[in-house]
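As a basis for the values below, the full set of heavy atoms in this structure was taken, side chains included, without hydrogen atoms, waters or symmetry mates.
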Amino acid sequence: MLEDFIDSLRNFSRSKTRTVLSLLGVIIGVASVIIITSIGESSTKNIQSQFGSSGLDLVSVSSGGWMRKNRDAITLKFDEALRTDIFNSVRNIKKVWYKNSASFAISYGETTVTSNATAIEPGYLEMYNLELDTGSFFTVTDDVAGSQKMIIGSEVASSLFPDGDAVGKGVLVVSSKVPFAFTIAGVLKKQSAGMEDATTGIYIPRGFYSKKIKPNPTADTIMVQATDASKCTDLVTDLTSYMAEKSGTEGSVNITSMQTMIEQVQSVMGTLSLMLSGIAAISLLVGGIGIMNIMIVTVTERKQEIGIRKALGASPFAICRQFLVESASITLLGGGIGILLGIALSLAIEYVATDLPYAIKFSSCLISFVFSVFVGIFFGLSPAMKASKLDPVEALAS
């Protein structure tokens with residue numbers, strides 16, 4: 001086998017142009033598969049990094065489901081009674097958080113920023129593992145007293161306070177045409193925060209919202225924290241069943257989680273990469289047909305060599321093996337070069353697209369390499385069988 005491989009390399013060196021043309025289809029096919037899977041893997045990692053690692057144990061429940069089938073279904077109220085019932089009725093729950101939204105126009109000096117503010121409970125931002133650049137988080141006292149304090153994202157802070165030193169400054173807030181005076185309690189660092197926007201977010205104590213904006217409010221959104229991130233998928237299923245039973249219809253609320261969103265992204269990107277890799281693999285098959293044609297020509301050109309080997313006692317199996325090894329060697333070399341080229345081009349693409357992290361699926365490299373060798377064996381089998389069946393007398397006479 002090793003001797004046949006060395007002979008194959010010698011034959012390749014004798015007809016360099018033919019060898020290069022035979023290699024091209026395999027190289028392009030393998031490189032295409034690696035580039036496509038690499039970009040798909042990099043895109044998936046990029047999306048995951050944008051979600052961040054925090055919030056993977058959270059499930060969001062909001063009103064306004066669009067799949068309501070029963071007109072007599074009960075409209076769920078996100079009040080304290082429901083919070084208690086959820087905690088007692090659904091498994092794998094660590095804590096249930098309530099939050100509300102309000103439209104704010106925030107002014108400082110001549111600068112005004114209009115955005116939605118989120119009324120949150122104490123510990124909500126800490127639960128997301130968000131960090132403050134300056135200032136402090138809300139306390140239980142702030143929530144109970146309905147303190148007019150505000151925590152803002154880094155972009156909001158740079159818009160209102162371009163010179164810095166936002167903490168302790170007073171701002172004017174207008175909500176539903178009612179003015180309020182707020183003090184900046186903290187500024188969040190710029191960071192990935194899953195379903196929370198740590199850069200443009202505006203947060204106030206929910207106690208203030210319930211006292212000054214909407215007395216005794218029901219929540220707009222429920223954030224359910226699982227006991228562990230691995231339980232999040234099961235928690236989504238249990239909450240869906242619970243809400244359907246509670247309201248009398250399916251789809252009465254919207255239930256989402258970052259974990260399921262990431263899983264869906266991975267599934268879509270995986271399917272897309274697989275489809276594109278299949279298309280790229282077609283070039284490998286086309287290259288295999290080209291190799292078969294080249295091998296047929298090679299067998300025709302080397303009839304005298306085959307005849308001499310048979311006259312000297314070479315068996316049909318030895319002749320068949322010789323040409324199979326030669327065919328497989330072409331695709332083996334093409335697969336190796338294709339892998340190196342695919343990795344290099346992937347690195348170049350992801351270097352230019354600076355937002356993509358570099359990622360190579362080594363399983364794809366291995367699969368494409370093995371497939372390329374298989375293509376060489378499959379398409380080289382017919383010419384090799386033809387060579388092994390040649391009559392030595394006719395071969396020498398040719």
Have Y98 and D220 got a donor and an acceptor in their side chains that come within less than 3.5 Å? no

Sequence neighbours left out, what pairs pass ring pair (Phe, Tyr, Trp, His ring centres under 6.0 Å) with at least one residue falling in residues 270-294? none

Just to verify, which of S60, S257, S241 counts as forming a side chain to side chain contact (heavy atoms under 4.5 Å, CB included) with V236? S257

Report the residues that fulfil side chain to side chain contact (heavy atoms under 4.5 Å, CB included) with V26, sequence neighbours left out, ordered by chain and then residue number. V30, L284, I291, T331, S372

Which atom of I339 lies closest to which atom of C365, heavy atoms considered: CD1-O, 3.6 Å

Applying side chain to side chain contact (heavy atoms under 4.5 Å, CB included), name anything that partners S315, two or more places apart in sequence or on another chain. F317, A318

Applying side chain to side chain contact (heavy atoms under 4.5 Å, CB included), can you list everything that pairs with D228, at least two apart in sequence or on another chain? S230, K231

Name all residues meeting the side chain to side chain contact (heavy atoms under 4.5 Å, CB included) criterion together with T84; count only those two or more places apart in sequence or in a different chain, and write none if there are none. N88

Sequence neighbours excluded, which residues qualify as salt bridge (Lys or Arg N to Asp or Glu O under 4.0 Å) partners of E131? K189

Residues 115-124 vs side-chain hydrogen bond (donor to acceptor under 3.5 Å, both in side chains), sequence neighbours excluded, gives R83-E121, K99-Y124, Y124-E196

Please check if atom CZ in F374 has more than 12 non-hydrogen atoms from other residues, nucleotides or ligands closer than 6.0 Å. no

Partner set under salt bridge (Lys or Arg N to Asp or Glu O under 4.0 Å) for K94, not counting sequence neighbours: none

Answer yes or no: are there more than 12 heavy-atom neighbours, outside E126 itself, under 6.0 Å from its atom CD? yes

Can you pull the ring pair (Phe, Tyr, Trp, His ring centres under 6.0 Å) pairs that have at least one residue in residues 208-236, sequence neighbours excluded? F180-F208, F182-F208

Answer whether the closest heavy-atom distance between the side chains of L23 and L333 falls below 4.5 Å. yes

Does a side-chain heavy-atom distance below 4.5 Å link L82 with K246? yes

Counting C-beta onward and ignoring hydrogens, is there a side-chain heavy-atom pair between Y203 and L125 closer than 4.5 Å? yes

Euclidean distance, T114 OG1 relative to I106 CD1, rounded to 0.5 Å: 8.5 Å

pair I34-S368: side-chain heavy atoms closer than 4.5 Å: yes

Min side-chain heavy-atom separation I222-V224 under 4.5 Å: yes

Do any pairs count as a salt bridge (Lys or Arg N to Asp or Glu O under 4.0 Å) and have a residue in residues 140-168, sequence neighbours left out, and if so which ones? D142-K149

Close side-chain approach of P217 to R206, heavy-atom, < 4.5 Å: yes

So do the side chains of I36 and V33 get within less than 4.5 Å of each other, counting heavy atoms only? no

According to ring pair (Phe, Tyr, Trp, His ring centres under 6.0 Å), does anything in residues 136-168 pair up with another residue at least two apart or in another chain? List the pairs. Y108-F161

Contacts satisfying salt bridge (Lys or Arg N to Asp or Glu O under 4.0 Å) that involve residues 23-40 (not counting sequence neighbours) are none

Is there side-chain contact between K386 and M295, with at least one heavy-atom pair below 4.5 Å? no

